[in-house]
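All remarks here apply to the structure that follows.
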Amino acid sequence: MAAMNSPREEDLLCPQCCEIYRLPVLLKCGHNVCRVCLQKFWELKGCRECPVCRTVAEPGRPPINLPLKIAADEYQLRRSSRNRDLCFLHGEKLTLFCQNDEEPVCVVCHTSKQHKVHECCPVEEAAQQKKTEISTMLESLRKKLRTLNKTEEHWKETKTYLQTQARQNEEGIKEEFRKLHLFLQEEENARLEVLKQEEEIKTQVMCEKLDNIQEQITTLSSTVSDTVATLTAKDLTFLQDYKKTKKRVKCNVREPECIRDILINPAKHLGSLKFGIWKSMAKMVKYVPITLDPNTAHSNLEFSEELTCVQYSRKQLLPDNPERCTSRLCALGATGFTSGKHSWTVHVGQSRDWYIGAVRESIKRKSAVFLNPAEGFWVIGLCGGDSFWAQTSPRTKLVLKQKPERITVELDCDKGKVVFTNAQDSTTIHTFRDRFTERIFPYVSTGLYGEGKLSSPLTICPLTVTLEVK
């Protein structure tokens, strides 16, 4: 088609969709159709016919009618700059809204082929309806925006906290190494002191021995000199002093003493030195079967002794990460178990309120739940300083002969048992039986002590460390 300076609107309408051409293609019969409309028509018909005259199109992709495309684009541009209150096709005022195509139309459009079967309503009514619809969608976006802003703020706090946490852990590591360095320095000084004492004692012995032998040498040297002088004297003089000289020459000269064990004993100081230090170090090293995880702890809990001791304290500013328990004053162990037997002993001391035991990984950590096996808790506890309970459903009161200070928790993942025993006399306090289907974690929970006072700490008891040589 030749270029058109001012084409009529009818010349720019696609015969298939009745709208302004969008990327028109030219068929060999001379008709133009939107490329998308033509493709849909061919797929529907199952053959490559012209939608207007049914002439079979040539094989291959029809070429784009570039002059027509330019004319249509220019017309669309001009149309958009016209009065938006008027229909660009009929010049009538846009008083209706087509619900199907979601666009304003005039009364002529409503009776045309394109919108005749569509549902239309007045612009005012449609505007109110659509504004309500958009307002609802906008509120949803605002809600999501608030969530994103809150999450961003939370993540910034988390970033700041983890940097603080890293510094705290760094200081903790340095402090432990300072203790080790101090121990090694003291051990070195002690061993050097022992070496110095041995050196001083044996040096003193050698000084005394040297003084004695030097005295003997002086005396004997004097005798030898005097005897030599006597031998050079005249015969009569020599014979006159003979008895005296003979007596001096016949003096009893003792053989030098053979001094044993006078040297420094290297085996004592250097033999198995590292092992000796290691053995001494074992007295200061503690080993516990589990450590507690501060990332799971309530913000009112404070840890000490290499994360083995926990107690109620002032509230800390901590991130509300998914692992953290915020509904109860509790913390979980750092390691979970899915199989095998595991045990740990908790020193509850004189605490008036506590819960200890095991929990599954998926417990609800942000909302209040009952402490029972159905919720994933296998725990026992002390309430008010005198009532012991097994948190069954309903809970079971425990009658104990004496108040335990140390309780051992024995977890058997394979047999599905959690057994509580008094560590002092090995008597069984309570046994839970269940089926574990996920990872199980140790659980400790403290309580307030008196009126606002700090609770007594709950401490994971260390095991005895021994060095075995084979």
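Note that the coordinates shown come from a computational prediction; the quantities given were computed from them, not determined experimentally. Computed from heavy atoms alone, side chains included, the values below leave out hydrogens, waters and symmetry copies.
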Requested in this report: Determine whether more than 12 heavy atoms belonging to other residues, nucleotides or ligands lie under 6.0 Å from atom CZ of Arg22.
Outcome: no
Query raised in the report: Can you find a heavy atom in the side chain of Tyr161 that is under 4.5 Å from one in the side chain of Glu157?
Result: no
Requested in this report: Start with the C-alpha gap between Glu175 and Arg178, add the side-chain angles, then the distance that decides, and say whether salt bridge (Lys or Arg N to Asp or Glu O under 4.0 Å) holds.
Outcome: CA-CA 5 Å; Glu175 177 60 28; Arg178 276 195 289 267; 2.9 Å; yes
Query raised in the report: Can you check whether Glu103's main-chain N or O pairs, donor with acceptor, with Asp101's side chain at less than 3.5 Å?
Result: no
Requested in this report: Output yes when Glu43 and Lys40 qualify as a salt bridge under the 4.0 Å nitrogen-oxygen rule, no when they do not.
Outcome: no
Report summary line: Per side chain to side chain contact (heavy atoms under 4.5 Å, CB included), His430 is matched among Leu400, Ile380, Val419, Thr421 by Ile380
Report task. Report yes or no: does Asn372 contribute a side-chain atom to a donor-acceptor pair with the main-chain N or O of Glu375 at less than 3.5 Å? Result -> yes
Query raised in the report: How many angstroms lie between atom NE2 of His90 and atom NE2 of His110, to the nearest 0.5 angstrom?
Result: 13.0 Å
Query raised in the report: If you round to the nearest 0.5 Å, how far is SG of Cys34 from CD of Gln39?
Result: 13.0 Å
Report task. Verify, without hydrogens or angle tests, whether Trp42 (side chain) and Glu49 (backbone) share a donor-acceptor contact under 3.5 angstrom. Result -> yes
Query - Met284 atom CE, over 12 foreign heavy atoms within 6.0 Å - result: yes
Query raised in the report: Under the 3.5 angstrom rule, does the side chain of Gln424 hit a backbone N or O of Glu405 as a donor-acceptor pair?
Result: yes
Query raised in the report: Looking at Val33 and Leu38, what are the two nearest heavy atoms and their distance?
Result: CG1-N, 3.9 Å
Report task. Give the minimum heavy-atom separation between Lys417 and Phe436, together with the two atoms involved. Result -> N-CE1, 3.8 Å
Query raised in the report: With no hydrogens and no angle check, is any side-chain donor or acceptor of Asn422 less than 3.5 Å from a backbone partner on Thr427?
Result: no
Report task. Tell me, with the steps shown, if Val348 and Leu382 meet side-chain contact (heavy atoms from CB on, under 4.5 Å). Result -> CA-CA 10 Å; Val348 296; Leu382 173 65; over 6 Å; no
Report task. Examine distances only and state if a side-chain atom of Thr308 and a backbone atom of Thr459 form a donor-acceptor pair shorter than 3.5 Å. Result -> no
Report task. Say whether, by atom type as modelled, one donor and one acceptor occur between the side chain of Gln316 and the main chain of Leu301 under 3.5 angstrom. Result -> yes
**Report entry** Side-chain donor/acceptor of Glu198 to backbone N/O of Asn265, under 3.5 Å
**Finding:** yes
Requested in this report: Taking only Lys NZ, Arg NE, NH1 and NH2, and the carboxylate oxygens of Asp or Glu, determine whether Arg146 and Glu139 approach each other closer than 4.0 Å.
Outcome: yes
Requested in this report: Locate the shortest heavy-atom distance separating Thr345 from Arg406; write the atom from each residue and the value.
Outcome: CG2-CB, 4.0 Å
Query raised in the report: Under a 4.5 Å cut-off applied to non-hydrogen side-chain atoms, are Thr291 and Ile460 in contact?
Result: no
**Report entry** N-O pairing of Asp320 and Lys366 below 4.0 Å
**Finding:** yes
**Report entry** Ser299 versus Lys315, side-chain donor and acceptor atoms under 3.5 Å
**Finding:** yes
Query raised in the report: Could you state the interatomic distance from CZ (Arg360) to OG1 (Thr437), rounded to the nearest 0.5 Å?
Result: 7.0 Å
Requested in this report: Determine whether more than 12 heavy atoms belonging to other residues, nucleotides or ligands lie under 6.0 Å from atom CG of Leu317.
Outcome: no
Report task. Would you mind checking if Lys179 and Glu176 are paired as a salt bridge, meaning a charged N to carboxylate O distance below 4.0 Å? Result -> yes
Query raised in the report: About how many Å separate CG of Leu13 and CD of Gln114, when rounded to the nearest 0.5 Å?
Result: 9.0 Å
Query raised in the report: Between Arg324 and Pro319, is there a donor-acceptor pair closer than 3.5 Å when you use the side chain of the first and the backbone of the second?
Result: yes
Query raised in the report: Can you tell me how far CG of Leu68 sits from SG of Cys14, rounded to the nearest 0.5 angstrom?
Result: 10.0 Å
Report task. Take atom NZ of Lys159 as the centre, draw a 6.0 Å sphere, and report whether it contains more than 12 heavy atoms from other residues, nucleotides or ligands. Result -> no
Report task. May I ask you to check whether Tyr355 and Tyr443 place their ring centres under 6.0 Å from each other? Result -> no
Query raised in the report: With a 4.5 Å heavy-atom cut-off, do His115 and His118 have their side chains touching?
Result: yes
**Report entry** More than 12 heavy atoms from other groups under 6.0 Å of CZ on Arg61
**Finding:** no
**Report entry** Check: Pro404 and Phe388 side chains under 4.5 Å, non-hydrogen atoms
**Finding:** yes
Report task. Take Arg328 and Cys325 through the test side-chain contact (heavy atoms from CB on, under 4.5 Å) and record every step on the way to the result. Result -> CA-CA 6 Å; Arg328 289 185 177 272; Cys325 299; 5.8 Å; no
**Report entry** Check: Phe420 ring centroid to Trp378 ring centroid under 6.0 Å
**Finding:** no
Query - Polar side chain donor-acceptor pair, Ser362 to Glu438, under 3.5 angstrom - result: yes
Requested in this report: Grab the two heavy atoms, one from Val409 and one from Ile356, that are nearest each other, plus how far apart they are.
Outcome: CG2-CD1, 4.2 Å
Report task. Starting at CD of Glu305, measure out to CG of Leu292 and round the result to the nearest 0.5 Å. Result -> 11.0 Å
Query raised in the report: For atom CZ of Phe370, is the number of surrounding heavy atoms from other residues, nucleotides or ligands below 6.0 Å larger than 12?
Result: no
Query raised in the report: Under 6.0 Å from the CD atom of Gln128, do we count more than 12 heavy atoms belonging to anything else shown?
Result: no
Query raised in the report: Mind checking whether Arg314 and Asn300 have side chains closer than 4.5 Å, heavy atoms only?
Result: no
Report task. Tell me, with the steps shown, if Thr95 and Val107 meet side-chain contact (heavy atoms from CB on, under 4.5 Å). Result -> CA-CA 7 Å; Thr95 57; Val107 291; 3.9 Å; yes
Query - Ser445 side chain near Phe377 side chain, heavy-atom distance below 4.5 Å - result: no
Report summary line: What one should report as the nearest heavy-atom pair of Ser313 and Glu302 is CB-CB, 3.7 Å
Requested in this report: Walk me through it: do Gln185 and Asn189 pass the test side chain to side chain donor-acceptor pair (under 3.5 Å)?
Outcome: CA-CA 6 Å; Gln185 187 63 55; Asn189 293 340; 3.1 Å; yes
Report task. Fit a plane to each ring of Phe177 and His181, take the angle between them on a 0 to 90° scale, and name the class: parallel (under 30°), tilted (30 to 60°) or perpendicular (over 60°). Result -> tilted
Query raised in the report: Does the side chain of Asp353 reach to within under 4.5 Å of the side chain of Thr446, using non-hydrogen atoms?
Result: no
Requested in this report: Identify whether the distance between the nearest side-chain nitrogen and carboxylate oxygen of Glu74 and Lys69 falls below 4.0 Å.
Outcome: no
Query raised in the report: Between the side chain of Thr396 and the main-chain N/O of Thr392, is any donor-acceptor distance below 3.5 Å?
Result: no
Report task. Determine whether Arg433 and Lys415 make a side-chain contact, defined as any pair of heavy atoms from C-beta on separated by less than 4.5 Å. Result -> no
Query raised in the report: Could Arg167 and Glu170 be called an ion pair, given the rule that one side-chain N must be under 4.0 Å from one carboxylate O?
Result: yes
Requested in this report: May I ask you to say whether Lys196 pairs ionically with Glu199, meaning some side-chain N is under 4.0 Å from a carboxylate O?
Outcome: no
**Report entry** Heavy-atom pair of closest approach, residues Phe337 and Ile290
**Finding:** CZ-CG2, 4.2 Å
Query raised in the report: Around Lys403, counting heavy atoms of other residues, nucleotides and ligands shown, do more than 12 lie under 6.0 Å from its NZ?
Result: yes
Report task. Apply side-chain contact (heavy atoms from CB on, under 4.5 Å) to the pair Cys120 and Gln99, showing each step before the final yes or no. Result -> CA-CA 6 Å; Cys120 296; Gln99 299 283 11; over 6 Å; no
